[in-house]
Amino acid sequence: MPHSSKKLGLLQHLSRLWNIFSRKRKRQLILVLFVTSLTALLDLFSIAAIMPLISVLINPEVTFNNEFLKPIFNLFAYSSAEEIILPVTISFIIINVLSTIVKVVIFRIQTKITVLCGLELSKSVYSRSIYQPFSVHIARNSSDVISSIVNNVNITVFHVLYPSVLFISSLLFAVTIFIGLMFIDYTIGIISILSLLIFYLPISFFLKKTLISNSEVIDFSQKKLVRLVQESLGGIRNLILNKTHHFFIQNYHNLDKDLRFAVGSNKFLAGVPRYIVESIIITLLALLGLYIYYYLPGGINAGLPVIGAMALGAQKLLPNVQQIYRSYATINGSRENLIDTLLLAEQEHDHELESKINDKSILDFKKLSLKNISFSYQDSEELTFNEINLEINKGDKIGIVGPTGCGKTTLLDILLGFLDPTSGEFLIDGKNISDVKQDWQKSISLVPQDIFLSDNSYLENIAFGSNLSDIDFDKVQQAAKNADIYDHIMKQKEGFDTHIGESGSQLSGGQRQRIAIARSFYRDSKVIVLDEATSALDINTEKTIVDAIKNFDQEQTVLTIAHRTSTIEHCDKIILVGNSRIEVFNSFEEYRQNII
């Protein structure tokens with residue numbers, strides 16, 4: 001979704017949010033609103049019931065002889081005015097208690113359905129984000145995506161969706177109560193409506209820009225804070241050595257200050273009108289008392305039921321009118337967070353990948369072919385590759401070499417299906433990569449220079465991506481032996497259940513690499529890709545890694561990017577990358593004689 005979506009109105013953004021939810025969630029939300037309307041009728045009855053209650057307490061004879069209530073009293077065989085005092089009081093209490101119970105139940109249902117909608121939205125945003133093509137992932141900042149998934153989705157649920165439900169339900173309550181007040185006294189009802197509208201509408205109009213501006217500050221600051229924390233913790237070694245703690249702390253403080261002042265401003269603007277309106281309501285009730293005392297026939301005794309009904313109506317009306325405004329202010333104050341959430345929730349994603357995610361089939365290829373492949377990165381006129389050709393057979397051990405920045409990793413990304421060629425064909429057994437990409441990628445294991453290790457056990461890291469209940473422990477043990485990491489693991493206090501720390505912080509570089517290689521053994525991958533996997537290791541450690549690599553099955557294809565020749569001595573084909581072209585040598589000896 002293009003950023004021009006920011007120019008859309010709030011209702012259009014809410015409509016986009018509505019369209020994201022499943023039919024089941026939409027039906028649940030509609031049901032909540034329907035039940036809420038029934039609860040509003042109970043509130044109306046409680047307001048109407050206050051008049052006969054006050055009347056019967058002041059003058060039970062008048063109430064007993066009321067032409068509308070007389071048939072009801074006769075139905076229950078009441079013969080005197082004193083007999084109706086207790087039943088009328090109990091009826092009023094029952095109506096109010098029943099109304100309260102229903103409201104609590106509705107509130108519980110509203111909260112639960114909002115949570116379910118939040119789960120659905122959060123899963124949709126996260127899944128659509130990770131299903132994006134590789135080219136999308138490398139083009140955007142991961143901290144912005146993290147902030148949107150972790151912070152903005154939560155804000156959208158509890159500061160946009162939930163307030164929207166409250167807005168509509170409170171509006172139903174308010175309209176119902178307004179109607180009841182107008183039935184009691186048309187003039188006073190109209191004055192009450194106009195007084196509140198005259199107060200709230202201008203406030204909503206004048207504060208809208210401030211609320212939206214605050215939402216932009218909140219969204220911006222949240223993203224910057226996530227990015228700053230990631231960078232400072234990720235570069236903690238340099239931070240400690242360079243003594244730059246204060247620089248990061250000051251930046252954090254400035255961003256956090258902007259964020260919290262914006263949040264505080266929104267909360268103040270959303271809540272402050274209530275106190276002013278309460279004063280207005282009390283003033284109106286005082287004026288109503290004077291009006292009744294001087295102008296209503298019968299004076300204060302005759303008008304007291306009306307005052308009581310109006311007071312109860314105001315007591316029920318004010319929280320709902322304030323909730324309408326608060327919901328409006330909260331939604332506008334979270335507008336930017338909503339937009340960012342929608343941008344992720346409406347991302348196009350690879351439906352083929354999603355449909356095949358549980359398909360265990362792996363492509364067993366015979367030959368890979370790059371035919372006249374050209375490639376350039378987006379927004380770059382320079383060709384990284386210009387009409388290159390390459391054939392790789394099953395079981396080949398390929399070494400990829402070349403100077404820094406020549407395109408070795410780009411070639412690998414094309415072979416892995418991460419990047420699509422600008423022109424030319426990538427064929428697997430004569431089939432275009434686009435037709436078999438998912439099965440092809442499932443046949444590959446990648447061992448990069450910077451290994452990703454989760455803060456879990458050796459067991460879970462070797463069988464990475466598998467549920468504990470699905471892990472084949474015997475297979476994990478054999479994979480660890482093949483990768484020459486088994487003995488080290490068994491020396492640990494808890495063996496394979498020992499946690500390795502965040503990103504393998506408790507392991508050496510060689511141990512991390514061997515765990516990654518053990519993953520490849522565990523997966524029985526047809527293709528093993530080593531992207532400068534040993535470049536940061538010393539020569540002795542590198543030798544043990546290379547020896548572990550030699551344990552791969554002869555039918556497994558191995559692609560190795562390396563700077564050291566010692567890493568590719570076992571390879572039977574060497575690809576030299578440079579100047580937008582590649583040169584293929586059919587043995588390491590041929591490469592050594594011509595290049596080294």
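Ring planes of F158 and Y162: perpendicular class, angle over 60° (limits at 30 and 60°).
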**OP:** Would you check, one step at a time, whether the test side chain to side chain contact (heavy atoms under 4.5 Å, CB included) holds for Y325 with S204?
**Re:** CA-CA 7 Å; Y325 168 76; S204 301; 3.5 Å; yes
**OP:** Show your reasoning for whether side chain to side chain contact (heavy atoms under 4.5 Å, CB included) applies to I462 and F496.
**Re:** CA-CA 10 Å; I462 292 175; F496 280 88; 4.1 Å; yes
**OP:** With side chain to side chain contact (heavy atoms under 4.5 Å, CB included) as the test, would you mind laying out the steps for I471 and Y522 before giving the verdict?
**Re:** CA-CA 10 Å; I471 295 176; Y522 181 79; 3.9 Å; yes
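To the nearest 0.5 Å, the span separating CG on L338 from CD on E336 amounts to 9.5 Å. To the nearest 0.5 angstrom, N251 atom CG is 12.0 Å from D256 atom CG. N152 contributes atom CG, which lies 12.5 Å from atom CD1 of I146 (distance to the nearest 0.5 angstrom). Put simply, OG on S147 and CG on D219 are 6.5 Å apart, with the number rounded to the nearest 0.5 Å. Between R16 atom CZ and T341 atom OG1 the span is 10.0 Å, to the nearest 0.5 Å. Here OG of S334 is found 7.0 Å from CG of N266. Values are rounded to the nearest 0.5 Å.
Within the 4.5 Å cutoff, no side-chain heavy atoms of K112 are placed close to those of V32. Residues L228 and K224 have side chains not in contact (no heavy-atom distance under 4.5 Å, counting atoms from C-beta outward). Side-chain atoms of L121 and L161, non-hydrogen and from C-beta on, never get closer than 4.5 Å to each other. Residues N456 and F464 have side chains not in contact (no heavy-atom distance under 4.5 Å, counting atoms from C-beta outward). Side chains of V153 and Y126 form no contact here, defined as non-hydrogen atoms less than 4.5 Å apart.
Counting heavy-atom neighbours within 6.0 Å of Y377 OH, excluding the residue itself, gives a total above 12. Other residues, nucleotides and ligands contribute more than 12 heavy atoms inside 6.0 Å of the CZ atom of F248. Around atom CZ of R260, no more than 12 heavy atoms belonging to other residues, nucleotides or ligands sit under 6.0 Å away.
S265 and N214 are linked by a side-chain donor-acceptor pair at a separation below 3.5 angstrom, with hydrogens and angles left out of the test.
Of the options R25, K24, K26, a side-chain hydrogen bond (donor to acceptor under 3.5 Å, both in side chains) to Q28 is made by R25 and by none of the others.
A distance-only check finds no donor-acceptor pair linking the side chain of S213 to the backbone of K209 [under 3.5 Å]. Distance alone, capped at 3.5 Å, is enough to place a donor-acceptor pair between the R523 side chain and the K442 backbone. A distance-only check finds no donor-acceptor pair linking the side chain of R227 to the backbone of S143 [under 3.5 Å]. A distance-only check finds a donor-acceptor pair linking the side chain of T114 to the backbone of Q110 [under 3.5 Å]. Judged by distance alone, the side chain of Q323 and the main-chain N or O of P163 form no donor-acceptor pair under 3.5 Å. A donor-acceptor pair is defined here as one N or O able to donate and one able to accept, closer than 3.5 Å; no such pair exists between the side chain of T330 and the backbone of H159. Counting only distance, with no hydrogens or angles, the side chain of Y458 and the backbone of I515 share no donor-acceptor pair below 3.5 Å. A donor-acceptor pair under 3.5 Å is formed between the side chain of S127 and the backbone N or O of S124. For the pair S122 (side chain) and L119 (backbone), a donor-acceptor distance under 3.5 Å is absent. No donor-acceptor distance shorter than 3.5 angstrom exists from the side chain of Q347 to the backbone of L343, with no hydrogens or angles considered.
A salt bridge links K223 with D340: at least one charged nitrogen is closer than 4.0 Å to a carboxylate oxygen.
The two atoms that bring S148 and L344 nearest to each other are CB-CD1, 3.3 Å, heavy atoms only. In this structure, S215 and R335 approach most closely via the heavy-atom pair CB-N, 3.7 Å. Across all their heavy atoms, I30 and W18 have their closest contact at CG1-CH2, 4.0 Å. Of all heavy-atom pairs between F21 and E120, the closest is CA-OE2, 3.3 Å. The heavy-atom pair separating A345 from I20 by the smallest distance is CB-CD1, 3.5 Å. Closest of all the heavy-atom pairs between N337 and Q222 is ND2-OE1, 3.2 Å.
Residues meeting the ring-ring contact (aromatic ring centres under 6.0 Å, His included) test with F418, sequence neighbours left out: F134.
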